[in-house]
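Data block below; observations after.
Everything numeric here is computed off the predicted structure, so don't read it as measured data.
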Amino acid sequence: MCTAQDLTNEVKAFQRRTGQETMLVIVEGDDQQIRGLHHVGFDPALGLLVDGRPPSVAWYQHLDSFRALDAAPAVLH
């Protein structure tokens with residue numbers, strides 16, 4: 001579940017930097033086909049939230065990779 005932990009860390013960092021509750025991500029299968037487009041958030045009491053609900057075991061099993069469609073703004077000095 002390394003990919004799930006990577007997704008969780010990326011969502012938490014996105015929330016800290018932007019203040020938004022969810023990040024839009026594309027979930028891909030191992031064949032790089034799109035399996036879904038989801039709003040993913042993190043709640044400290046509930047953990048990872050996919051489209052407002054905790055993900056199922058099957059969702060984690062099909063999570064091979066993801067791409068974030070939202071990015072936190074970068075400040076250049």
Side-chain angles (χ1 to χ4, degrees):
M1 282 209 208
C2 182
T3 303
Q5 188 60 46
D6 291 343
L7 177 58
T8 302
N9 291 339
E10 192 163 332
V11 168
K12 288 164 72 173
F14 178 79
Q15 288 176 327
R16 275 193 304 275
R17 293 189 71 196
T18 65
Q20 295 182 30
E21 291 183 21
T22 63
M23 180 174 71
L24 189 60
V25 299
I26 293 176
V27 174
E28 298 175 331
D30 57 356
D31 55 1
Q32 296 198 340
Q33 270 196 294
I34 296 173
R35 301 214 185 229
L37 183 66
H38 300 281
H39 290 275
V40 181
F42 180 81
D43 183 287
L46 300 173
L48 198 65
L49 296 173
V50 178
D51 299 326
R53 296 183 303 253
S56 66
V57 172
W59 191 86
Y60 281 116
Q61 290 171 341
H62 294 296
L63 179 64
D64 294 317
S65 65
F66 68 91
R67 281 186 288 141
L69 293 179
D70 289 331
V75 178
L76 301 175
H77 293 279

Spell out, yes or no, whether Leu49 and Tyr60 are grouped together once hydrophobic residues are joined by side-chain heavy atoms under 4.5 Å, including indirect joins. no
Value for CD (Glu21) from NE2 (His39), rounded to nearest 0.5 Å, stands at 12.0 Å
Please list, chain by chain and in numerical order, all residues satisfying side-chain hydrogen bond (donor to acceptor under 3.5 Å, both in side chains) with Asn9, sequence neighbours excluded. Gln5
By the rule that ILVMFWY residues connect when side-chain heavy atoms come within less than 4.5 angstrom, directly or transitively, which residues belong alongside Leu24?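 Ile26, Ile34, Leu37, Leu69, listed by chain and number.
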Quick one: side chain to side chain contact (heavy atoms under 4.5 Å, CB included) partners of [X], sequence neighbours excluded?
X     : answer
Asp64 : Asp30, Arg35
Gln20 : Phe14, Thr18
Gln33 : Asp31

Check: Glu10 side chain, Ala68 main-chain N or O, donor-acceptor pair, under 3.5 Å: no
Qualifying residues under salt bridge (charged side-chain N to carboxylate O under 4.0 Å, His left out), relative to Glu28, sequence neighbours excluded: Arg67
Taking every non-hydrogen atom, the tightest pair across Pro55 and Val50: CB-CG2, 3.8 Å
Identify the two heavy atoms, one from Leu48 and one from Trp59, that lie closest to each other, and give their separation to 0.1 Å. CD2-CZ3, 4.2 Å
Please, which pairs that meet side chain to side chain donor-acceptor pair (under 3.5 Å) have at least one residue in residues 49-58, sequence neighbours excluded?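 Pairs touching residues 49-58 that pass the test: His38-Asp51.
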